[in-house]
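For reference, positions follow the sequence shown, starting with 1. All values reported here derive from a predicted model rather than from experimental measurement.
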Amino acid sequence: MARILIADDDPVFAEVTALMLEERGHQVIVTADGAAALRAVTEDTDVALIDIYMPVKDGLEVIVELRQVRPDMRVIAVSSTGFWNRADQLGTAKALGAHAALAKPLDGDGLNDLIMRLLEGRATHSNFVAH
């Protein structure tokens, strides 16, 4: 399975998402802000699940930096803001290099399926996923 980084300042969301992914066999690392997320990325990190709004460094900044230091890593942007603002921010995340963009809350099976498709190369930057 995959080594997944979750960067989200909402501890409940991060814990629930980590548990959903761990139940599906993934190894998960959780960070609470964008700067910590960048420090936690290793050569073994397969996927980063990045919240758009975080302290210290926001998700859009993190996506840009991840694309520079780990262009091969799959990035999924997530957001829970209002519909119009969320659609705009998630679209911006895609334009900056996120492979997919999801609205919170997340479905465990759907997220796992997306992760597996990204890792198998069946999902590309042209796939926009939002709920």
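Residue Gln68 comes nearest to Pro71 through the heavy atom pair O-CD, 4.0 Å, listed as atom of the first residue, atom of the second, then distance. When every heavy atom of His99 is checked against every heavy atom of Leu118, the shortest pair comes out as CB-CD2, 3.6 Å. The heavy-atom pair separating Thr31 from Ala36 by the smallest distance is CG2-O, 3.7 Å. Contact between Gly34 and Val62 at its shortest, heavy atoms only, is CA-CG2, 3.4 Å.
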Could you go through the side chain to side chain contact (heavy atoms under 4.5 Å, CB included) check for Glu15 and Val30 one step at a time? CA-CA 8 Å; Glu15 182 177 334; Val30 176; over 6 Å; no
Could you go through Ile115 and Arg24, starting from their C-alpha distance and side-chain angles, then the distance that decides it, and tell me whether this counts as side chain to side chain contact (heavy atoms under 4.5 Å, CB included)? CA-CA 11 Å; Ile115 289 168; Arg24 288 160 176 85; over 6 Å; no
Could you walk me through whether Asp46 and His26 satisfy the side-chain hydrogen bond (donor to acceptor under 3.5 Å, both in side chains) test, starting with their C-alpha distance in whole Å, then the side-chain angles of each, then the deciding distance to 0.1 Å, before giving a yes or no? CA-CA 10 Å; Asp46 299 304; His26 300 290; over 6 Å; no
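Between the side chain of Arg70 and the backbone N or O of Thr45 there is at least one donor-acceptor pair closer than 3.5 Å. No donor-acceptor distance shorter than 3.5 angstrom exists from the side chain of Glu120 to the backbone of Arg117, with no hydrogens or angles considered. Looking at Asp107, its side chain does come within 3.5 Å of a backbone N or O of Gly110 through a donor-acceptor pair. When atom types are taken as modelled, the side chain of Lys104 and the backbone of Val78 share no donor-acceptor pair closer than 3.5 angstrom.
Leu19 contributes atom CG, which lies 6.0 Å from atom CD of Glu22 (distance to the nearest 0.5 angstrom). Leu60 contributes atom CG, which lies 9.0 Å from atom CE of Met54 (distance to the nearest 0.5 angstrom). To the nearest 0.5 Å, the span separating CE on Met73 from CD on Glu43 amounts to 9.5 Å. To the nearest 0.5 Å, atom CG of residue Asp58 and atom CD1 of residue Ile63 are 8.5 Å apart. For the atom pair Leu106 CG and Ser80 OG, the distance stands at 10.0 Å (nearest 0.5 Å). Atoms CG and CG, from Asp8 and Asp33 in turn, are 11.0 Å apart once rounded to the nearest 0.5 Å.
A side chain to side chain contact (heavy atoms under 4.5 Å, CB included) with Val47 is found for one member of Leu5, Ile76, Leu111, Leu114 and no other, namely Ile76.
Between Val41 and Val69, every side-chain heavy-atom pair lies at or beyond the 4.5 Å cut-off. Contact of the Leu96 side chain with the Thr92 side chain is registered, since non-hydrogen atoms from C-beta on lie closer than 4.5 Å. Contact check for Asp9 versus Asp51: side-chain heavy atoms found under the 4.5 Å cut-off. Residues Thr42 and Arg3 are in side-chain contact: their nearest non-hydrogen atoms beyond the backbone lie under 4.5 Å apart. Side-chain atoms of Ile4 and Gln27, non-hydrogen and from C-beta on, never get closer than 4.5 Å to each other. You'll find the side chain of Val28 reaches within 4.5 Å of the side chain of Ile6, heavy atoms only.
Every residue was checked against the side-chain hydrogen bond (donor to acceptor under 3.5 Å, both in side chains) condition with Asp44, not counting sequence neighbours, and none meets it. With sequence neighbours excluded, the residues satisfying side-chain hydrogen bond (donor to acceptor under 3.5 Å, both in side chains) with Glu65 are Lys57.
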